2 protein chains.
Amino acid sequence: MESNEIIEALAALAQTTRLAVFRRLVAAEPEGEAAGDLARDLAIPPNTLSAHLAVLARAGLVSADRRGRFVVYRAAVDRLTAVTTALVADCCGGRPELCNPPPATECRPSRTSEVSS
Amino acid sequence: MESNEIIEALAALAQTTRLAVFRRLVAAEPEGEAAGDLARDLAIPPNTLSAHLAVLARAGLVSADRRGRFVVYRAAVDRLTAVTTALVADCCGGRPELCNPPPATECRPSRTSEVSS
DNA sequence: TCTATATTTCCAGAAGTATGGAATCGAACG
DNA sequence: CGTTCGATTCCATACTTCTGGAAATATAGA
């Protein structure tokens with residue numbers, strides 16, 4: 001992953017409103033949420049929100065899906081994963097023994113493919 | 001970890017020069033590197049670099065250690081780990097089954113405490 | 001104390017980002 | 001078509017960040 005892409009993603013998330021939007025969208029996975037609902041619930045003017053969503057989209061962190069008059073946004077969780085992975089990979093470049101085990105392990109469900117209900 | 005801290009760290013790294021500095025410092029672990037050497041090697045005026053280092057320090061991503069006339073900077077790898085972990089934790093809030101296993105696993109050495117030489 | 005070296009602070013201009021009002025585009029429906 | 005509603009683009013203003021020259025601070029050594 002390119003330095004520029006990493007920076008774009010970090011910059012996209014490094015802003016109060018956008019981090020809030022992104023979090024909300026992650027919570028709304030996998031259905032996503034329409035721009036208007038986001039604007040209403042977060043009390044952001046639609047045009048302002050639109051600008052922020054555009055930044056997130058350019059960074060690859062959200063995707064937009066038009067459904068009739070609505071545009072439903074979804075968080076691209078895998079993109080976030082790619083970015084954090086790239087950061088950590090950089091971090092350990094060549095000398096993994098320096099890195100205290102970068103966990104993110106809380107996130108892994110106990111059993112993914114064995115039991116689901 | 002507070003939203004503000006996360007944003008501060010993301011913003012600190014979301015800048016070409018600072019990301020380069022941080023990477024260099026990570027590579028220079030655990031000895032660290034003096035501000036002047038960084039400035040020389042990265043071809044950044046010392047005052048400009050100083051400003052960037054201050055941003056990284058405020059974000060907790062580097063630490064400064066004065067040694068005589070030199071100030072040796074070190075990357076705070078654990079801080080980066082904390083930030084990425086917080087991001088991923090946010091990401092999975094309540095519904096870990098949504099998250100494709102956020103790896104960062106490449107970073108873990110095969111054996112950490114068993115064999116070292 | 002005076003000088004030299006390392007780093008930081010001060011300051012200001014240039015560049016970039018955030019924000020929201022008004023206008024525009026796009027889709028649905030009569 | 002004309003209207004309505006959702007979303008985006010346009011544009012101007014305010015704000016923040018980046019950058020580096022000049023001055024200040026800190027430490028070491030003669």
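None of these values were measured; they are calculated from a predicted model. Here is how names work: the chains are called A, B, and so on, in the same order as the sequence lines, proteins then strands, and each is numbered from 1.
- The phosphate of C:dT7 (OP1 or OP2) has no side-chain N or O of B:Ser50 nearer than 4.0 angstrom.
- Counting to the nearest Å, the C1' atom of C:dA6 and the CG atom of B:Asp41 are 15 Å from each other.
- Positionally, the nearest nucleotide of DNA chain D for B:Val55 lies more toward the 5' end than for the other of B:Val55 and B:Asn47.
- As a whole-Å value, the separation of B:Phe70 CZ from C:dA4 P is 17 Å.
- Straight-line distance from the CG atom of B:Leu49 to the P atom of C:dA6: 14 Å, rounded to whole Å.
- Between A:Ala76 and A:Phe22, the closest heavy-atom pair is N-CE1, 4.5 Å.
- Between B:Val83 and A:Leu87 there is no side-chain heavy-atom pair separated by less than 4.5 Å.
- Both A:Ile44 and A:Leu61 are members of a single hydrophobic cluster when ILVMFWY side chains are connected at heavy-atom separations under 4.5 Å.
- Per the geometry, CZ belonging to B:Arg69 stands 12 Å off P belonging to D:dT27, to the nearest Å.
- Distance, A:Asp37 CG to D:dA7 C1': 12 Å, rounded to whole Å.
- Across all strands, B:Ala34 comes closer than 4.0 Å only to sugar-phosphate atoms, never to a base (heavy-atom distances).
- Rounded to whole Å, the distance from CG on A:Leu42 to C1' on C:dA18 is 16 Å.
- Note: CG (B:Asp65) to C1' (D:dA26) measures 15 Å, nearest angstrom.
- Looking at heavy atoms from C-beta onward, B:Glu8 lies out of side-chain contact with B:Glu2 at the 4.5 angstrom threshold.
- Although no hydrogens or angles enter the test, the distance criterion places no donor-acceptor pair under 3.5 Å between the side chain of B:Arg58 and the main chain of B:Ala12.
- Comparing A:Pro45 and A:Arg67 by the nucleotide of DNA chain C whose heavy atom lies nearest to each, the residue mapping closer to the 5' end is A:Pro45.
- Checking D:dT19, C:dG26, C:dT8 against the side-chain heavy atoms of A:Arg66 singles out C:dG26 as nearest.
- Taking 4.0 angstrom as the limit, B:Tyr73 places none of its side-chain polar atoms (N or O) nearer than this to OP1 or OP2 of C:dA6.
- Listed pair A:Arg18 / C:dA18 meets the phosphate criterion, a side-chain N or O lying under 4.0 Å from OP1 or OP2.
- When rounded to the nearest whole Å, the span between CD of B:Gln15 and C1' of C:dA15 equals 12 Å.
- Between B:His52 and the phosphate of D:dT17, there is no side-chain N or O to OP1/OP2 separation shorter than 4.0 Å.
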